[in-house]
Amino acid sequence: MGKSIGILTAGGDSPGLNAAIRGIGKSAIRTHEMNVVGFKDGFRGLMQQRYIRLDGDALSGILTKGGTILGTSREKPHRMDVGGTVMDMRDSMVENFKALGLDALVCLGGGGTARNALRLSQRDMPVLTVPKTIDNDVYGTDQSFGFDTALNIASEAIDRLHSTAHSHHRIMVVEVMGHNAGWLALGSGLAGGGDVILIPEIPYEVESVADSIMGRKSAGSTFSIVVVSEGALSVPDTERRRQIQRRIDDGDDDPDPAAEMEAFADEQTTSTERLAEQLEKLTNLEARVTILGHVQRGGTPSPADRVLATRLGTSAAQLVADGVSGVMVAMRNDEVVPVPLEDVAGKRRAVPLDHPWIVSARSLGVSMGD
Ligand code: F6P
């Protein structure tokens, strides 16, 4: 028998996780004659030695399933809640890893998981990551699986909002996930024919959005679709956040800027509703809000995500067989390449302001709110 590997899924779930687990597991067993185990619920399973053997049976029939058969969590190895106390559990994770006779740990996750994997690899654990997220914001890879599926779901929702917006002559404001990156809102807004697309990378002016809706009305279109990324901020809110951040960076602690930042983040959870109310006032048109939420992360992965997850997964198994670790298994120019975790951890892939999707949207006359 060859090497032994552990797999875990961490962070928010993403369509394609099971396809990736299957890709790693089947090629590890069939091509490299490895033993494979899967830890339950992210890094917590590694800490608690909760795992299942991933043999042919466990890996069968999961390619098209949404979610993750292993369960996931957002917990961090260096800040685990252990019976109500937050503790650094990295050493005990390394011990468990060694006790199981594992040669490598493959972590499927986004940017946060890359940071956590680096923390473990700095304790001499051979770790690899495979990028997944519907946000598409993992630095160092052209694509992460889950994004294509979420893009399909969000685009279909926007398509469906068109007919009701048109019938009632309303503004439909649709909030799309994406965390602090605008990929999903921009992609679905473009694919779904949004009239306004607001993304975190471009602070928006409510008046500018209202003007573009009134411009459409004057030209005979009595409805508008506003696609807003959950992380999009108005110009004044961007400035407020910048000021709080500056006080955090300067170590200015009276009043406590961390508490202010938390209050600011809480306030943002209703920003889409506030935007719709402001647009109603400024345009005199009725507005309705749709928050797509977790429906974007659920269900069966698209064929493109299955292929991507399978390619990344089988490549991860090959890299383990070759003795490579401390890397993220990235996709660049349609080629799978290992990228050192140090180069990606702590970075985020934002939408460049000159990205072709933004250029196309603007040339169609779509308002980006600026
Ligand atoms: O990272 C994926 C994501 O779906 C983000 O788009 C969103 O902000 C976040 O996770 C939601 O997290 P949770 O499922 O923990 O509420």
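Quantities reported herein were computed from a predicted structural model and do not represent experimental measurements. Remember, it's 1-based here, ligands and their atoms both numbered in the order they're listed. The residues of the chain are indexed from 1 along the displayed sequence.
For the pair T314/I24, no side-chain contact is recorded, criterion being any heavy-atom separation below 4.5 Å from C-beta on.
Shortest contact from atom 7 (C) of ligand 1 to any protein heavy atom: E230 OE2, 3.2 Å. Closest to atom 2 (C) of ligand 1, if we only count protein heavy atoms, is D135 OD2, 3.3 Å.
Within ligand 1, the atoms closer than 4.0 Å to a non-hydrogen atom of H294 are 13 (P), 14 (O), 16 (O), numbered from 1 in the order shown. Counting the atoms of ligand 1 from 1 in the order shown, those under 4.0 Å from a heavy atom of M177 are 4 (O), 6 (O). Contact atoms of ligand 1 toward R74: 9 (C), 10 (O), 11 (C), 12 (O), 13 (P), 14 (O), 15 (O) (distance under 4.0 Å to a heavy atom of the residue).
If you look at I134 next to ligand 1, the close heavy atoms, those under 4.0 Å, all belong to the side chain. The proximity of R297 to ligand 1, defined as any non-hydrogen pair under 4.0 Å, is limited to the side chain.
A salt bridge links D252 and R247; the closest N-O separation between the charged side-chain nitrogens and carboxylate oxygens is under 4.0 Å. Note on R240 versus E267: salt bridge recorded, some NZ/NE/NH1/NH2 to OD/OE distance being below 4.0 Å. Checked for salt-bridge contact, E95 and K98 miss the test: no charged N lies under 4.0 Å from a carboxylate O. A salt bridge is absent between D88 and R79; no separation between the charged side-chain nitrogens and carboxylate oxygens falls under 4.0 Å.
Within the structure, the closest approach of G178 to ligand 1 falls below 4.0 Å when heavy atoms are considered.
For S73 and D41, the side-chain atoms include no donor-acceptor pair closer than 3.5 Å.
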